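All heavy atoms count here, side chains included; hydrogens, waters and symmetry mates do not. Throughout, protein chains are lettered first and strands after them, A, B, ... in sequence-line order, and every chain is numbered starting at 1. Note that the structure is predicted; figures quoted are calculated from it, not measured.
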Number of protein chains: 2
Amino acid sequence: MEMSTHNILDQMLSEAKLSKKDTAKQQRILHAAIALFAEKGFANTSTSEIAKNSGVAEGTIFRHYGTKENLLIAVIVPFLKQSLPMMAKEVFEEINPSKHARFEDFIRALFLNRMRFFRENKDIFRVVVKEFVYREELRTELLTHVNKEIVGYLNQALDYSKGKGELPDRPNGYLLKLIFPYIFSQFVIRFVLSAKEPDVPDEVEADAIVKFVVNGIRSC
Amino acid sequence: MEMSTHNILDQMLSEAKLSKKDTAKQQRILHAAIALFAEKGFANTSTSEIAKNSGVAEGTIFRHYGTKENLLIAVIVPFLKQSLPMMAKEVFEEINPSKHARFEDFIRALFLNRMRFFRENKDIFRVVVKEFVYREELRTELLTHVNKEIVGYLNQALDYSKGKGELPDRPNGYLLKLIFPYIFSQFVIRFVLSAKEPDVPDEVEADAIVKFVVNGIRSC
DNA sequence: TTAAAATATGAGTAATCACTCACTTTTTTA
DNA sequence: TAAAAAAGTGAGTGATTACTCATATTTTAA
């Protein structure tokens with residue numbers, strides 16, 4: 001019901017590094033947990049159900065993870081450990097001035113990159129979104145990490161585009177608050193709320209959204 | 001755990017009409033339930049907790065609502081019964097050609113109107129958003145009702161603006177899919193995800209978002 | 001090969017869950 | 001005012017929950 005530590009994500013992200021390799025049963029547990037959490041949510045999934053779906057004794061779950069809460073963390077952490085640095089890398093590469101990237105290209109690349117990543121990890125993405133709605137501490141801690149690892153790069157990208165006159169001279173925080181929710185809401189709709197994905201290619205979908213963002217932000 | 005009827009919202013919206021007046025205790029139950037559901041979510045709230053917080057015997061809850069699930073419905077339905085028609089009315093009034101409203105004015109009015117309404121019903125809004133993330137049937141049924149009651153008005157508004165050259169000649173569904181998630185995500189961020197509201201007046205906030213939407217959609 | 005360590009098991013446990021029901025109290029009706 | 005109806009109560013119920021632990025099996029190490 002309640003998180004006991006005060007800095008879960010920090011702790012998680014560092015601890016997860018020194019974890020030994022998973023056993024076969026551990027992987028099956030994680031698989032079943034992800035599928036069930038994604039579909040019914042953490043609170044509506046019982047450990048006995050996870051045990052049954054993964055063909056493992058219930059005790060095995062607690063041998064490895066101690067608590068149900070820790071199992072959730074074991075699901076979320078590797079996803080965030082991948083997600084944040086990959087996004088930072090992508091941002092960094094796309095703003096490389098040698099590419100002479102327009103702001104539009106930057107947004108498009110970012111959008112398509114995250115689209116692919118979230119699709120490949122659709123179930124975990126669903127788990128993360130659903131749990132983040134409920135847990136404020138997770139949200140604020142994630143925000144802290146995003147600030148630390150990504151916002152610096154984003155600021156560079158925005159400043160670069162400002163210099164080329166593609167963005168209005170507004171604080172970056174202001175611009176991000178307008179742009180980011182829009183892109184993210186599209187992912188939530190597509191991967192969490194919609195029953196099935198549209199059969200339009202990503203590039204077509206991206207085009208409309210990128211144009212909307214680029215033209216929308218230009219005159220704010 | 002599971003909804004038993006196949007058409008909950010339809011049934012709810014009609015049934016709720018002929019409900020007699022609430023007793024004092026019923027109102028206290030609803031109040032406590034809304035607060036608890038909003039904070040911890042439906043699944044993480046127990047009926048005994050609701051009873052305690054409302055100063056009522058647990059049996060009283062079940063006397064009135066039968067099941068915990070029905071209590072949730074009793075919370076959500078009046079909100080939707082207010083929300084949808086009010087939105088339809090607002091849309092209808094703002095597109096009245098005698099007002100010579102620009103598309104920008106229409107979006108601004110809509111945004112400010114919903115902002116006020118959701119703020120006044122912040123807790124219920126949080127309950128609805130949190131539960132809609134989990135329940136697909138609720139989402140699809142709400143969508144059906146929105147289509148029935150609102151989309152007609154929205155189409156009129158969009159066609160009207162198209163005629164004035166303020167919108168590109170694209171299918172209305174396409175335009176709505178670009179505009180609506182953006183506005184809604186701003187409400188979710190503000191009322192569900194953020195710890196506290198910004199101290200900027202609504203009109204200032206609206207200005208940035210409306211400009212973003214209007215300019216974004218113009219060249220899609 | 002064998003001892004030790006790690007992994008796996010499932011019956012068992014206390015707590016909590018949504019919900020029931022026989023009963024009392026309050027309100028409505030006639 | 002008396003009878004009927006409605007509202008309110010709280011101890012009790014079976015089911016389910018997350019979690020434990022003594023024991024068994026498998027893997028690793030010497």
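The side chain of A:Ser48 places an N or O atom within less than 4.0 Å of a non-bridging phosphate oxygen (OP1 or OP2) of D:dT17. In this model, the phosphate group of D:dG8 is approached by a side-chain N or O of B:His64 to a distance below 4.0 Å at OP1 or OP2. Here B:Ser46 does not reach the OP1 or OP2 of C:dT16: none of its side-chain N or O atoms lies under 4.0 Å away. Taking only side-chain nitrogens and oxygens, A:Thr23 never comes nearer than 4.0 Å to OP1 or OP2 of C:dT7. OP1 or OP2 of C:dA18 sits under 4.0 Å from a side-chain N or O of B:Thr47. The shortest distance between the side-chain N/O atoms of B:Lys25 and the OP1/OP2 oxygens of D:dT9 is below 4.0 Å.
Remark on DNA chain C: of its neighbouring residues B:Thr67 and B:Arg63, the 5'-side contact belongs to B:Thr67, judged by nearest-heavy-atom nucleotide.
One can place CG of B:Asn70 at 13 Å from C1' of C:dA18, the figure rounded to the nearest angstrom. Rounded to whole angstrom, the span from the CD atom of B:Glu58 across to the P atom of D:dA7 amounts to 19 Å. The distance between atom CD of B:Gln26 and atom P of C:dT27, rounded to the nearest whole Å, is 15 Å. Rounded to an integer number of Å, the gap from CG of B:Leu36 to C1' of C:dC17 is 16 Å. One interatomic measurement links the two molecules: CZ of B:Arg28 to P of D:dA7, which rounds to 17 Å at whole-angstrom precision.
Under the 30°/60° scheme for interplanar angles, the aromatic rings of A:Phe79 and A:Phe117 are found to lie parallel.
Taking the centre and axis of the six-membered ring of B:Phe42, the NZ or CZ atom of B:Lys68 falls inside the cone set by 45° and 6.0 Å.
The residue from A:Lys40, A:Lys130, A:Glu39 that alone fulfils the side chain to side chain contact (heavy atoms under 4.5 Å, CB included) condition with B:Tyr134 is A:Lys130.
Side-chain N or O atoms of A:Arg114 include one that pairs as donor or acceptor with a backbone N or O of A:Ser83 at under 3.5 Å.
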